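Model, not experiment: these values are computed from the prediction. Side-chain atoms are counted along with the backbone in the values below, which use heavy atoms only and exclude waters and symmetry mates. For this chain, numbers begin at 1 and follow the sequence in order.
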Amino acid sequence: MIKNRNVNDEGVAIVDTHVAWIDDVHVLTVIAENISSLLHADEPPVIYWAAEDKYFTAKVEAVIDHSTVKIIFFEELPIGESLVLMWGKANMPIYPRAIVRTSWFDLHYSALNSELGASCEKEVTTFSIWAPTASSVKLYLNNNIFLLKKLKNGVWERKIEGDWHGFTYEYEISVNGKTSFINDPYAKAMLANSAKGVVVDFSRTNQLNFDKLKRPKLEHLQDAIIYELHVRDATSQEESGVVNRGKFLGLTELDTKTPNGYSTAISYIKELGVTHVQLLPINDFARVNESYPEDDYNWGYDPLYFQVPEGSYSGSPEDPIARINECKKMIRSFHQEGLSVILDVVYNHVFIMEESPFEKLVPGYYFRYHEDGRLSNGTGVGNDLSTERTMVRKFILDTIHLWLSEYKVDGFRFDLMGAMDIETMKEIHDRCADEAVPIMLLGEGWELATALPSEQKATSSHSHLLQGIRFFNDYFRDSIKGNLFNTNDAGYVNGNGRFIERMPHLISGSALEEFGTPIVSEVNQTINYVECHDNHTLWDRLLLTNDQESEWVRKKIHQLASGITLVSQGVPFIHAGQEWFRSKQGDENSYLSGDHINQLDWSKREIEDENIKFIKDLIALRKKYDVFRLTTKQEIRRRLHVLDTPVPVFGFALFGNNEDFSIYVNPTNQDYELQLPSPGKWHTAATNDLQRHNQEVNGEYTSVGPYELVILMKSREK
C-alpha cells in the first residue's frame, strides 16, 4: 500500500495511509484503510487547492475493494500544485500518477521548444529542467543553492550569472510528497561514477578543427562495411602495443604493433579496409567503477547518462572535461584514417528504473506500463523506455543532436530498436538527414513483448515504413550457421549445405519477392551478419556444432560464413576479430566477463595473418566493384543470376558493366566439377584456398574444393 510520510512535533515519522492519486483527467484513485467509514461520511468528498483557495466538486464512482475507491471530478486539476482531498474527517494529499501517461498530459505539459539542461556561456548559465509534477525544485551549484522558477509546460528554470564552466551541480526536487537529490538527465559531463553533473561550455572543449576535417563520406551508404568494436576490448591486451590500453586515447595511437611487428588497433582496422567502426555504447554506463575500471567490466548496455562519455574509458575519469576531449579526439582519429564512427545507443531502457533521474523527475512518465498498471518489461531488463511519449522522444532527439553536432559521429545503431516506436525513428531519420554526410542508421528490429501496439513498433516487419533505416538480418544469420537459440542447430556452412534453398534470398539482399518472403522492403535495409558481440562468437559456435571436425575444417567453414556475408547484397557487418576466428572461450554472454574473455587477442592476429588476408581480399573486391553493392531490387534482378550447380554447392553470377563474376561456395569435404556461365579466361579474384591464388581458368569448366569459397572474374571483351 502507498503511504505518505509526515513528521510529528518530536520529529518522528508518522505514516498516513490515506492518499489520492490522479489517474486520469477526471479520475482519482483513493487508497485508505477506513474506506467503509468514509463512504458513510455526512459530506461528499471535495478537492481543495489551497494556493487559489478553490474547491472542486467530486463524487464516489465505484468501490474497488476494501481499501480502494474510484472518485470522479468535473474540472481539470492543476498538476504540481498542493491539492487535498477532504472527505469526512480525513484530509488526503493528492498526487499525479497514471495521469502522466495520458495524451492529455502530453498535450498540456510538453515542452518541445525548451532547451533543457545547463546551457553554459562565459557570463551566464541557464539551468532548465522539465518536472511538471514537482512542487519545488532547487539547484545546488557548487556551494550555492538557488530556487528555480516554474514556467509553463512544467519547465523549471533559473539563469545564474557568472562563469560556471566545470562546476558541479545537482537538483533537489519535491514530487508526490517526497524530496530527493537528482542529477540532470541532460547533463553533458559528470564526476567519476556519476556522482554529480558538471556544467560544460562546449566552446571551451577541444574542437579539434572539426569544421576543417570533414567526415569521411561514401557515395552511398550501401558502400559501407561495418566493423563492431568495444573500446576497451580493442586495446586492453598488452600485445596490442598501445600505451593508453582500454581507453579512448588507445584508439588514437597510430602505427601500433605487436611484439613481432604486426599492425594493431586503429592502424590495423584501417588496413583491413572497412568503412565504418561501430562502437559498443560509449555513453555513461553502470557496473564499472570509473576510478578503478580494472576491477570491473561491462559492454555498456546498462545506461545511466546518455549525453555523457563513459568515464572508465578516460585516462582521467575524475576530470569531467578530459573525457569529453578524449572521446572527441578518438572520433577525430578515426576520421583522419578515413573511418566513419557509428555509436551503439540504448534508448529502450535504463539500468535501474527506480534510481533513474527520469523516474525521480516525473514518476511514471518515462517508462511503459500495461493497462493494468504493471510495469512493461519487453526488454527483459526490468523496464522499457516509453519512446512514444512526447518528452521521451524529445530527449532521444536532443541526445542524437548532441552526438551529431558536438562529437560529429556518423551513425547510430539502436539496441532493441523493435521496442522503440516508428514515429520516433522517423524523426531521428529526419534529423540525421540534415547532416552534410549520409548518416548510417541501423538497429535490432526484433518483435518484443513491450506494452506498445505492434503496429507502432520499429520492427523489421515495418521496414516499408522506415525507409533509410537498416535492420539486422537474423534470417541471414540463422540460415548460414543455424538457429541462434539452439546451439546444436546448423545452417548452410556448418550443416553440409542445409538451407541451400534460402541462399538466393540471402545473397540477393533478402528483399526480392521471387526468392521468398522479403525480410526487408528494400535491399538497402538489410544488415548481413553471422556474428556480433551477443551470444557465441562464430568460432565458439562451430566448436559446438562441428566438434567432430578438425580445426582446419572449422576454419574453412568459418571463412565460408564470413565470405558469404561480404559478397551478399546489402551492408555487411563484421564483429571485431571475426576475421581471425575470435573466441570468447565458450562464453555465450560475456557482458560482465572481464578482459581475459573479451579482449582482442592480437597474438592470434599474428598467427592468422594469412587468413585475415582472405577477408581483406573480399573487402577490397567489394569496394572496387559496385556490382557487389547494388542499391535497388531492379538492378539486382538485372545483374544477379543464380547458377546451376551440383547440390549442395551454391553459385551465382554478378554481371557488371566491364566484368563478370562467378561466385561458388562449397560447404562439404568433397570436390565438385562446375560449368561456368560462359567460356573464356576467368581469373581467381579471391579464394580461401591458399593453393589456388591467382589461378586462371581457360574455357568453361572448373572445380571447387572442399569448404572453398571462390570468386572468379572475367573481363568483358571490347
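A side chain to side chain contact (heavy atoms under 4.5 Å, CB included) with Ile226 is found for exactly one of Ile527, Val277, Thr275, namely Ile527.
Ring pair Tyr347/Phe414 is tilted by interplanar angle, where 30° to 60° counts as tilted. Using bins of under 30°, 30° to 60° and over 60° for the plane-to-plane angle, the ring pair Phe358/Phe367 lands in the perpendicular bin. Taking the six-membered ring where the residue is Trp, Phe581 and Trp539 present tilted rings, their angle falling between 30° and 60°.
Legend: residues meeting side-chain hydrogen bond (donor to acceptor under 3.5 Å, both in side chains) with Gln336, ordered by chain and number and at least two apart, are absent. The salt bridge (charged side-chain N to carboxylate O under 4.0 Å, His left out) check on Glu170 picks up Lys196, with sequence neighbours excluded.
For Ala189 against Val200, the heavy-atom pair with the smallest separation is CB-CG2, 3.3 Å. When all heavy atoms of Ile342 and Arg413 are compared, the closest pair comes out as CG2-N, 3.6 Å.
Applying the salt bridge (charged side-chain N to carboxylate O under 4.0 Å, His left out) test to residues at least two apart or on different chains, the pairs with a partner in residues 295-316 are Arg287-Asp302.
Ion pairing between a basic and an acidic side chain is recognised when a charged N comes within 4.0 Å of a carboxylate O; Lys328 and Glu406 show such pairing. A salt bridge is absent between Arg393 and Asp398; no separation between the charged side-chain nitrogens and carboxylate oxygens falls under 4.0 Å. Ion pairing between Glu588 and Lys584 fails under the 4.0 Å rule for side-chain N and carboxylate O. Classification of Asp201 and Arg204 as a salt-bridged pair holds, one side-chain N sitting under 4.0 Å from a carboxylate O. Salt bridge Asp163/Lys122: absent, no basic N to carboxylate O contact under 4.0 Å.
Between Phe285 and Phe351, the distance from one ring center to the other does not fall under 6.0 angstrom. Within the 6.0 Å centre-distance limit, the rings of Tyr297 and His230 are counted as a close aromatic pair.
Using a 4.5 Å heavy-atom threshold, the side chains of Leu272 and Ile612 count as touching. Residues Ile331 and Val409 have side chains in contact (heavy-atom distance under 4.5 Å, counting atoms from C-beta outward).
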>> Go through it in stages, so that I can follow the logic: the residues are His276 and Phe573, the test is ring pair (Phe, Tyr, Trp, His ring centres under 6.0 Å), and I'd like the CA-CA distance, side-chain angles, deciding distance and then a yes or no.
In response: CA-CA 9 Å; His276 288 66; Phe573 175 101; over 10 Å; no
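Atoms OG and CD1, on Ser312 and Ile282 in that order, are 11.0 Å from each other to the nearest 0.5 Å.
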